[in-house]
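Within every chain, numbering begins at 1; the chains are lettered A, B, ... in the order of the sequence lines, protein sequences first and strands thereafter.
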Amino acid sequence: MDKAYTPSSEPDIYKLWESADVFTAKIGKLSKAKSASGGKPYSIILPLPNANDPMHMGHALFTIQDILCRYHRLLGDSVLWLPGSDHAGIETQFVFEKKLQKEGKSRFDFDRETLYRMIWDFVETNREINIKQMKQLGFSMDWTRYHYSLEPAIVKNILAVFKKLHHDGLVYRAEKIVNYCTHCGTAFSNLEVDYVDEVTSLYYMKYGPFTLATTRPETKFGDTAVAVNPKDTRYQQYIGQEITVDGLIGPFKVKVIADDMVDMQFGTGVVKITPAHDPDDFEAGLRHHLAIKRVIGFDGRLNELTGKYAGLTVSQARQKVVEDMKASGMLIKVDDQYQHRIGRCYKCKHVIEPMVMPQWFVKIDSLAKPALAAAQKGQVKFFPLRFKKQFTDWMQNIRDWNISRQIVWGPRLPAWYCLECHPGIKLNFITPDKTVVTGLYSDLKANYSYEVIKSGLQSLSAPVDTTYYVDEPSSCPKCGSSHLLQETDTFDTWFLSGQWPLNTLGFNPADPSQSSPDFAYFYPTSVLDTLWDILFFWVARMIMFGLYLAGDVPFKTVHIHARVVDKAGQKMSKSKGNVIDPVSMTQTYGTDALRFALVYGVAPAADIAISEDKIRAHRNFVNKIWNASRFILMKLDQLQSSNPDLKINFNLPLFKGRNGEAERDLNPADLAILQKLDALIVSTTKHLNSYHFGQASEGLYQFFWHEFCDIYIESVKSRGEDALPILFYVLITCLKLLHPFIPFVTESVYQQLVARLGLSEKMLAVSSWPTPHDSKSSVK
RNA sequence: GAGUCUAUAGCUCAGUUGGUUAGAGCGCAUCGUUGACAUCGAUGAGGUCAGAGGUUCGAGCCCUCUUAGACUCACCA
């Protein structure tokens with residue numbers, strides 16, 4: 001054996017496991033019943049990484065799942081850990097557009113088919129890297145069951161589920177106010193908006209007979225009412241009246257409405273109502289049947305209804321409007337220290353512009369109720385338990401889910417419109433000579449053929465009342481025209497990943513009875529391990545889809561782990577320059593060192609502080625294991641050189657009588673180490689069963705280094721062959737206990753032992769979980 | 001505004017139903033090791049477990065309040 005453990009052998013060890021096919025799940029075919037608790041299906045679906053993502057510490061935390069899988073494999077369970085990767089809709093398109101930008105191009109230079117293919121190729125190259133890196137981290141995933149979210153069978157199922165939702169009356173189109181990012185060019189769900197406290201200005205302006213306070217003077221062109229509180233004695237005489245407001249581009253008239261939404265204490269107790277560009281005002285508009293007047297376009301600029309302000313961006317317009325109001329004496333005062341919350345795009349950080357536009361929604365109530373009940377009944381358990389409350393609170397207040405995104409990277413919604421029946425459909429397309437054309441079909445049909453429009457199509461926007469067909473008709477069922485176009489909106493990524501456990505296990509939404517054997521055997525899965533940040537995005541959606549489609553939850557336990565942060569408790573980010581790259585750490589210190597550092601001394605769901613120092617410390621631990629093993633084998637060498645016939649008797653004496661058997665004599669040092677080892681087996685098992693990985697790893701570290709190496713091995717240096725059985729017994733038992741955490745060094749050592757001792761279990765990864773030597777110790 | 005979490009040695013953190021002198025890694029000090037160990041071993045310094053009060057025979061752990069951070073959710077212009 002080399003003088004020190006060399007991580008460069010890790011890829012060979014991984015190949016050894018792969019060649020023995022130990023990670024491939026076998027349905028109901030267990031090699032042997034290895035322990036009382038073993039022999040059951042145990043499955044984990046990997047929280048699918050984004051296909052375009054380079055590996056970071058978040059991925060390295062899959063170690064937790066690997067520990068569980070390897071532990072259960074040793075228990076004798078039929079283990080499936082199913083890997084995959086996600087096309088990650090907006091995330092990927094965002095990265096790709098940045099790349100285009102560097103090349104001096106933009107997405108508007110291409111038709112959607114071309115753009116889609118370009119992103120596809122971009123993702124394919126990265127997907128391979130991702131897989132290679134996961135193997136480097138030793139993850140015992142079943143690569144024969146790897147899936148990608150855009151593979152044809154999965155997309156087919158997604159579309160079938162959409163049709164089922166539609167058939168069940170749970171899908172609808174509606175013109176609602178949505179969170180629109182003018183920079184990303186798409187709407188988002190409520191979850192994708194970050195609200196940031198910011199200090200801005202609050203403008204007090206003359207507004208007909210009133211003075212009112214607003215943060216958004218530039219939207220006044222879209223006002224269709226002004227509101228006061230019905231109890232406010234100051235304004236009683238105006239309620240129901242129509243007032244005239246000087247609008248900078250000429251006077252306009254609005255109605256004064258009374259609504260409880262108005263806080264009499266705030267500002268002057270008067271609020272201008274802009275239903276087209278504010279969520280609250282939109283709601284008020286519904287209550288009072290107000291007109292919706294759009295004055296901001298999807299490009300983030302004021303439109304033709306704003307006179308001289310048309311073409312200005314929102315912030316430019318605000319500045320100009322304020323200047324003009326000041327000049328004309330309409331501006332009363334400005335509070336420039338007004339603190340409030342501004343919604344920003346979680347992706348690009350630009351201010352979210354609430355917009356009224358047609359979108360696709362899923363009615364969520366009938367999906368959420370069973371999911372809520374499942375959490376409350378404990379059908380899905382949460383660990384740590386506090387996340388259950390967070391989950392149920394959210395599920396009780398859930399709103400309809402906007403599933404449509406105005407991007408190209410993802411499956412398009414399976415809905416088709418007839419252009420001839422609905423010439424009011426708005427089109428964007430690029431002609432063969434690379435000109436971008438925008439307009440209503442009714443205005444364009446004379447100059448452009450259907451074929452040119454279809455092949456160059458970038459996006460379309462159909463009025464909310466447009467008839468659609470969810471099965472592609474060859475011609476319009478109403479008018480017989482063949483001029484049909486498919487909706488250009490794509491699915492929210494989470495609509496796909498919400499069905500991930502079902503799709504990867506071979507569930508057939510069209511006919512559940514035709515689902516694959518994997519589904520029958522491994523569903524519901526055992527554990528879902530993830531970070532809390534996607535509890536609502538992903539976990540909630542999976543539970544809803546699982547119950548809705550398959551009638552059962554997708555996993556029995558949700559295990560929430562924390563974020564990896566740096567030594568100072570800061571989130572790792574490129575801009576802070578505090579990112580520790582897991583791949584380079586494995587190259588420097590070995591994968592095992594990194595893995596152990598990620599779980600050692602970490603409390604459940606507490607932030608995981610990682611530093612190169614910590615990884616180095618655990619590299620030393622890994623090396624300690626290597627050298628202790630080397631010492632024991634050298635001891636064997638020495639003894640065998642003087643006694644070639646030396647045989648090791650592995651029938652260790654029990655230190656308490658088993659079944660009334662008499663106690664045997666044991667050297668006090670032997671007795672002590674065996675008793676402590678038994679306690680270690682019991683505590684490690686207990687901690688793994690309760691997801692206390694930090695404590696499990698600490699116990700193993702303490703025992704191996706300070707009990708076994710410092711005390712026991714030191715004490716046997718002067719002893720002869722009588723010490724060998726217990727030396728090997730303790731070593732092998734420790735290798736098994738440590739293997740889930742640090743698979744490479746333990747397997748590497750174990751292979752040496754197999755070569756020297758001819759052990760019956762030839763591979764540690766599929767050996768057996770230890771039970772206490774003393775029959776009276778018990779493992780829960 | 002509602003809710004949740006965190007506060008333990010210089011630094012990063014463990015401490016699972018309350019029980020004897022509160023632990024680890026890194027760092028620090030002294031000594032020893034070069035035939036298991038990119039070292040390793042031995043010994044040591046260092047904490048009124050955020051503050052105050054309470055329950056208890058007994059509290060880092062349970063309860064209340066205070067202070068300081070972090071996070072989640074929420075439509076106030």
Side-chain angles (χ1 to χ4, degrees), chain A residues 1-6 177 190-191 195 202-204 212-217 219 223 226-227 259-263 265-274 278-284 338 340-341 343 354 384-391 393-394 396-399 532-533 535-536 562-563 565-571 589 596-597 600-635 638 683 686-687 689-692 694-699 701-702 705-706 709-711 713-714 717:
Chain A
M1 283 174 84
D2 292 337
K3 205 170 170 204
Y5 173 66
T6 46
I177 194 146
N190 295 335
L191 287 172
Y195 289 94
L202 183 65
Y203 304 95
Y204 286 75
L212 60 73
T214 180
T215 55
R216 300 204 61 183
T219 61
D223 293 354
V226 60
D259 196 290
D260 287 329
M261 75 183 274
V262 180
D263 178 353
Q265 309 302 318
F266 186 92
T268 58
V270 183
V271 184
K272 69 187 199 63
I273 302 295
T274 323
D278 182 277
D280 294 334
D281 295 0
F282 181 79
E283 295 295 323
Y338 178 62
H340 70 141
R341 294 162 57 79
L385 190 59
R386 65 187 144 97
F387 289 99
K388 175 177 172 177
K389 183 175 166 44
Q390 203 170 307
F391 180 85
D393 285 356
W394 188 74
Q396 277 162 346
N397 298 310
I398 195 167
R399 287 191 240 163
W532 36 256
D533 64 346
L535 193 60
F536 305 139
R563 217 168 35 179
V565 296
D566 72 3
K567 220 178 154 181
Q570 296 291 309
K571 188 180 172 182
Y589 300 107
F596 213 69
Y600 184 88
V602 172
D607 279 356
I608 300 166
I610 197 96
S611 62
E612 196 162 338
D613 278 349
K614 191 176 178 187
I615 299 169
R616 190 184 302 116
H618 289 103
R619 185 272 317 271
N620 291 350
F621 176 57
V622 168
N623 193 50
K624 188 79 182 173
I625 293 167
W626 178 263
N627 270 291
S629 310
R630 187 159 81 104
F631 171 77
I632 293 169
L633 283 171
M634 284 168 76
K635 181 110 185 151
Q638 283 170 8
S683 67
K686 192 179 91 181
H687 289 141
N689 287 340
S690 60
Y691 307 106
H692 287 88
Q695 282 180 265
S697 57
E698 281 188 67
Y701 182 100
Q702 287 306 310
W705 199 316
H706 300 302
C709 293
D710 291 350
I711 298 174
I713 290 183
E714 289 303 321
K717 280 186 172 171

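Looking at every heavy atom in both residues, A/F391 comes nearest to A/F536 through CA-CE2, 4.1 Å. Closest heavy-atom contact between A/G269 and A/V262: O-CG1, 3.4 Å. Across A/G267 and A/A213, no two heavy atoms sit closer than the pair CA-CB, 4.2 Å.
Counting non-hydrogen atoms under 4.0 angstrom, A/V270 reaches nothing in the nucleic acid. Here A/Y338 lies in heavy-atom contact (under 4.0 Å) with sugar-phosphate atoms only. Within the nucleic acid shown, A/N620 comes within 4.0 Å of sugar-phosphate atoms alone, with no base atom in reach, counting heavy atoms only. Residue contacts for A/Y701: at a heavy-atom cut-off of 4.0 Å it reaches the sugar-phosphate backbone alone, with no base atom in range. Among the atoms of the strands shown, only primed sugar atoms or phosphate atoms (P, OP1, OP2) are found under 4.0 Å from some heavy atom of A/T214. Contacts of A/H687 with the nucleic acid, taken as non-hydrogen atoms under 4.0 Å apart, include base atoms. In this structure, A/K388 reaches neither bases nor backbone, as no heavy-atom distance under 4.0 Å exists between it and the strands shown. Within the 4.0 angstrom heavy-atom criterion, only backbone atoms of the sugar-phosphate kind lie near A/Y600; the bases stay farther away. Backbone-only engagement by A/G601 is indicated by non-hydrogen atom pairs under 4.0 Å involving sugar-phosphate atoms exclusively. The residue A/A606 sits close only to the backbone: its heavy atoms come under 4.0 Å of sugar-phosphate atoms, none of a base. Across all strands, A/Q390 comes closer than 4.0 Å only to sugar-phosphate atoms, never to a base (heavy-atom distances). Within 4.0 Å (heavy atoms only), A/A4 reaches at least one base atom of the nucleic acid.
Out of B/C13, B/C5, B/C73, the shortest distance to the side chain of A/A609 is found at B/C13. Side-chain proximity of A/D710 to B/C5, B/A42, B/C26: nearest is B/A42. Picking from B/C40, B/A36, B/A14 the nucleotide with the shortest atom distance to the side chain of A/W705 gives B/C40. You'll find that the side chain of A/K624 is closest to B/A36, out of B/U16, B/C73, B/A36. Comparing B/G25, B/U4, B/A14 against the side chain of A/R386 picks out B/U4 as the nearest. When distances are taken from the side chain of A/R399 to each of B/A36, B/A38, B/C75, the shortest belongs to B/C75. Closest approach to the A/A628 side chain among B/G25, B/C73, B/A36 is made by B/A36 (side chain taken as heavy atoms from C-beta onward). In the set B/G35, B/U16, B/A38, B/G35 carries the atom at the smallest distance from any side-chain atom of A/M634. When distances run from any side-chain atom of A/W394 to the nucleotides B/C73, B/A38, B/A14, the shortest one goes to B/C73.
Enclosure of atom CD in A/Q396 by more than 12 non-hydrogen atoms of other residues, nucleotides or ligands within 6.0 angstrom is indicated.
Using the Watson-Crick or G-U wobble rule with both distances under 3.5 Å, B/G53 pairs with B/C63. Across all strands shown, B/U72 forms a Watson-Crick or G-U wobble pair with B/A2, both key distances being under 3.5 Å. If you check B/U33 for Watson-Crick or wobble pairing at under 3.5 angstrom, you find it has no partner at all. Look at B/G58: it lacks any Watson-Crick or wobble partner with both distances under 3.5 angstrom. Pair check for B/G25 finds B/C11; Watson-Crick or G-U wobble, both atom distances under 3.5 Å.
Spacing of P atoms, B/A7 relative to B/C63, comes out at 14 Å, to the nearest Å. As rounded to the nearest Å, B/G35 and B/A22 have P atoms that lie 40 Å from one another. Taking atom P on both B/A74 and B/G3, the two are 16 Å apart, rounded to the nearest angstrom. For B/A36 and B/G44, the C1' atoms lie 27 Å apart once the distance is rounded to whole Å. Spacing of P atoms, B/A14 relative to B/G25, comes out at 16 Å, to the nearest Å. Spacing between B/G47 and B/C11 at atom C1', rounded to whole Å, works out to 14 Å. A gap of 9 Å separates the P atoms of B/C62 and B/G18, to the nearest Å. If you take atom P in B/G23 and the same atom in B/U16, they sit 14 Å apart, rounded to whole Å.
In this structure, A/H706 reaches the B/G25 phosphate: one of its side-chain N or O atoms is under 4.0 Å from OP1 or OP2. One finds a side-chain N or O of A/R619 lying less than 4.0 angstrom from the OP1 or OP2 phosphate oxygen of B/U39. Between A/N397 and B/A74 there is no side-chain polar atom (N or O) within less than 4.0 angstrom of OP1 or OP2. When the side-chain nitrogen and oxygen atoms of A/Q695 are compared with OP1 and OP2 of B/G15, one or more of them lie within a distance under 4.0 Å. Applying the 4.0 Å criterion to OP1 and OP2 of B/C71, one finds that A/R563 has every side-chain N and O outside that range. Phosphate proximity of B/C37 to A/K3: present, with a side-chain N or O under 4.0 Å from OP1 or OP2.
Interatomic distance, CD of A/E283 versus CD1 of A/I273, reported as 11.5 Å (0.5 Å rounding). Separation of atoms CD (A/E698) and OG (A/S683) is listed at 11.5 Å; rounding is to 0.5 Å. The distance from the CD1 atom of A/I713 to the CD1 atom of A/I632 is 4.5 Å, given to the nearest 0.5 Å.
Look at CG on A/L385: it is 14 Å from C1' on B/C5, rounded to the nearest Å. Residue A/D613 contributes atom CG, which lies 11 Å from atom P of B/C28 at whole-angstrom precision. Between the OH atom of A/Y195 and the C1' atom of B/U72 there is a distance of 14 Å, given to the nearest Å. In this structure, A/M261 places its CE atom 8 Å from C1' of B/C75, rounding to the nearest Å. For the pair A/F536 CZ and B/G3 P, the computed distance is 16 Å after rounding to whole Å. If you measure from atom CZ of A/F621 to atom P of B/G25, you get 12 Å, rounded to the nearest angstrom. Between A/I610 atom CD1 and B/U12 atom C1' there is a gap of 10 Å when expressed in whole angstrom units. For the pair A/K389 NZ and B/A2 P, the computed distance is 13 Å after rounding to whole Å.
Take the nearest nucleotide of RNA chain B for A/V271 and for A/V602: the residue whose nucleotide is more 5' is A/V602. Both A/D280 and A/P604 lie near RNA chain B, and the one whose nearest nucleotide falls closer to the 5' end is A/P604.
For the pair A/K717 and A/F631, the cation sits on the ring face: its NZ or CZ lies under 6.0 Å from the ring centre, inside 45° of the axis.
Taking 3.5 Å as the limit, the base of B/C76 and the side chain of A/D263 contain a donor-acceptor pair of atoms between them.
At least one donor-acceptor pair under 3.5 Å links the side chain of A/W626 to the backbone N or O of A/D2. Remark: side-chain polar atoms of A/K624 are not paired, donor with acceptor, to backbone N or O of A/Y701 under 3.5 angstrom.
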